[in-house]
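Reading through the structure tokens given below for one structure.
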Amino acid sequence: MSVLAPEDLVLVAVVRRRKDLDIARVLGWYRIPVRSAPKIIHVDWLAFFLTGEFGEEKWSVRYVARVKGHELVRRSDLLIEEHDHPDLHEPYFKLRLGQLRKLAHPIPAVRWRRFTFLYTTGERLISAREMKDLTLGSSDKNLIKESHGSDLSIR
């Protein structure tokens with residue numbers, strides 16, 4: 001079982017449906033449409049920001065999973081029961097995940113800000129008390145650029 005290291009790159013993703021968190025927990029994967037994917041998919045961890053659908057857990061990051069790899073697939077290969085979905089043949093990144101883990105303490109969004117993806121570090125995720133604490137500074141972005149070969153400017 002691997003441990004979240006301070007220098008690990010973490011992608012925080014918004015989870016809108018319970019079904020998607022259940023897929024991550026039970027089946028061990030998370031999907032991202034290629035057309036709206038962040039610049040860097042090769043990350044160490046995926047953290048889950050839960051929306052209003054999640055009742056008492058809403059508007060917070062509470063779970064994280066190690067990213068074991070990723071592949072490019074069609075939506076139809078991931079969600080075969082959604083055979084009439086308009087994005088059926090669109091490409092998606094399928095992130096293969098390790099075990100879903102609950103954080104020691106939730107990271108709430110004290111002031112709601114819309115986002116789809118957010119990069120942070122293991123150190124920031126471990127020490128954050130609210131969502132704004134996850135935001136990377138320029139020195140963090142430079143470290144990530146050096147270690148992952150790309151910058152984190154907005155796409």
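- Going from atom CG of L100 over to atom CZ of F48 covers 5.5 Å, rounded to the nearest 0.5 Å.
- Residues meeting the salt bridge (charged side-chain N to carboxylate O under 4.0 Å, His left out) test with E71, sequence neighbours left out: R96.
- The closest side-chain heavy-atom distance from L136 to R124 is below 4.5 Å.
- The CG atom of L103 sits 5.0 Å away from atom CG of L125, with the distance rounded to the nearest 0.5 Å.
- For I41, the side-chain contact (heavy atoms from CB on, under 4.5 Å) partners are I32, A37, P38, H70, F93, L95, not counting sequence neighbours.
- With a 4.5 Å cut-off on side-chain heavy atoms, F49 and R62 do not count as touching.
- Considering only heavy atoms from C-beta on, R74 stays 4.5 Å or farther from E90 through its side chain.
- Scored by the side-chain hydrogen bond (donor to acceptor under 3.5 Å, both in side chains) test, R25 finds D22 as partners (sequence neighbours excluded).
- To the nearest 0.5 Å, atoms CG (L97) and CH2 (W45) are separated by 10.5 Å.
- Contacts of P33 classified as side-chain contact (heavy atoms from CB on, under 4.5 Å), with partners at least two apart in sequence or in another chain: R35, S36, Y92.
- Among residues at least two apart or in separate chains, there is no salt bridge (Lys or Arg N to Asp or Glu O under 4.0 Å) pair with a member in residues 125-137.
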Going through the distances and angles, do I40 and L9 end up as a side-chain contact (heavy atoms from CB on, under 4.5 Å)?
CA-CA 10 Å; I40 299 173; L9 180 58; 4.1 Å; yes
side-chain contact (heavy atoms from CB on, under 4.5 Å) between K94 and Y30, intermediate numbers included
CA-CA 6 Å; K94 176 183 178 183; Y30 181 80; over 6 Å; no
